Amino acid sequence: MHYISTRGGISPITFKDAVMMGLASDGGLLLPQSYPVITREQLESWRGLSYPELAFEVISRFVDDIPTGDLKSLINRSYATFTHPDVTPVVKHNGVYILELFHGVTLAFKDVALQFLGNLFEYILAERKQTLNIIGATSGDTGSAAIHGVRGKKGISIFILHPHGKTSAVQAMQMTSVTDANVHNIAVRGTFDDCQDMVKELFGDLVFKEKYSLGAVNSINWARVLAQVVYYFYAWLRVTDEKTIPVSFSVPTGNFGDIFAGYVAKRMGLPVDKLLLATNENNILTRFINAADYSLGGVVSTVSPSMDIQIASNFERYLYHLFAGNTDRLKEAFAELKEHGRISCTPDEMILVRNDFCSASVDQASTLQTIRDFYAETGYLLDPHTAVGVKAALDLLPTDSARVCLATAHPAKFSETVEQSLGFQVPLPESVNELYGKPTRCEIMDADIDKIREFFIAHIG
Ligand SMILES: *Cc1c(COP(=O)(O)O)cnc(C)c1O
């Protein structure tokens, strides 16, 4: 299996090279040249598999440059850190299935991908006798999952910038309580955008990037998408038996990474009826699906902050497929976005979009109400991101289908909002209680690119 760029500017590369390249060197995103197709018979034969066994079946079909034993060991180690024996269990409440993706170390679904990516990086770097310095900006979830994915790993240092005092308390502690020598937390006196701008500037300096082997961990890495494809198969096998019922997935969406993984599963032949793309007030993708209106607005802050995004980076991967691999059409679309702040699609293209996706936007009041109602009816706590998806599913998906809602974070991770909605304190899992009083290490710095650069150079491995 080889990988190509959505912009058509690179010759096909292997899986390991795709992992190390991250963003394609022509500015596009990497995709497999084709998708392996899983027959119904094959799918049925997977019913008895454990999560890591299923992960191997799915992932190995995209990887032909890592020996079987090594790949199995990478996968097993990645999912051994999860606290639930099923890794991503499915529970049923109020007629909907909840796919719990929050049993990893940082209590959000990003652990599913970043535990695997951390192990992959370490494996490939050791083999190539290389080192990697990861730099990233985070509003909370990606940074904590990335830090826990690479802490203590040989050949890797990680520098994560977060806006000082602007993440949730749990998110900050999950980052700064990691005191391994290869982990560097920088709390920037500024906003998330300040952090992101400085990271972009460091990556934009190609000489600097090359000299210090800079790498990224944002959701544009193909290995992250690939790891997430697995739980669509896993959930499907849990909510069906041999007779066919329609299965739909509701996905709280920010960067389009998680839902793109569902689209990949569908392309591989998983019988998925609809992918429901659920957004908060930052609803450009909902406007696109429902009204063919992909026009940029401003970002607003909501109670589901990990979805407060305007430009969903992984959307480019989907557009590539929507345009049937026509890279000229894709480049045209991005030129239009740059010049006019929008992307226009034809009515025929929109028919294709709506074959696979439906969408709803859920506002703040409705999100908080859903947390309340769901708790009152079932006793089950939803985090605000998950609540967006659940509300959209209850409104849009037919009740005679299996409605699977992706639970992207544990309610304790956003306990401030859940408490605001319910009026009582959310019980904290042990891993969160343990954070209080742990020693922390964090550098508090001004949003000054020169100071950040100096700090980085002084602290690389
Ligand atoms: C990152 C994140 C999302 C959005 O996922 P995308 O892959 O960016 O669409 C949703 N919920 C939570 C809790 C997250 O951390």
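Only this structure's heavy atoms are used, side chains among them; waters, hydrogens and symmetry mates stay out. First listed ligand is number 1; within each ligand, the first listed atom is number 1. Computed from a prediction, not measured in an experiment: that's the story for all the values here. Positions are given from 1, in the same order as the sequence printed here.
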With T279 as partner, the option from T286, T253, T302 fulfilling side-chain hydrogen bond (donor to acceptor under 3.5 Å, both in side chains) is T286
With sequence neighbours left out, the residues meeting salt bridge (charged side-chain N to carboxylate O under 4.0 Å, His left out) with D363 are none
Thinking salt bridges, do D141 and K413 make one under a 4.0 Å N-O criterion?
yes
Within the 4.0 Å heavy-atom cut-off around ligand 1, the contacting residues, ordered by chain and number, are F109, K110, D141, P252, T253, G254, N255, F256, G257, D258, S306, M307, H385, T408, A409
Hits for ring-ring contact (aromatic ring centres under 6.0 Å, His included) against F260, two or more places apart or cross-chain, chain-then-number order -> Y263
For the residue pair F256 and Y318, does the interplanar ring angle fall in the parallel (under 30°), tilted (30 to 60°) or perpendicular (over 60°) class?
tilted
Residues pairing under salt bridge (Lys or Arg N to Asp or Glu O under 4.0 Å) where one sits in residues 419-435, two or more places apart or in two chains, turn out to be none
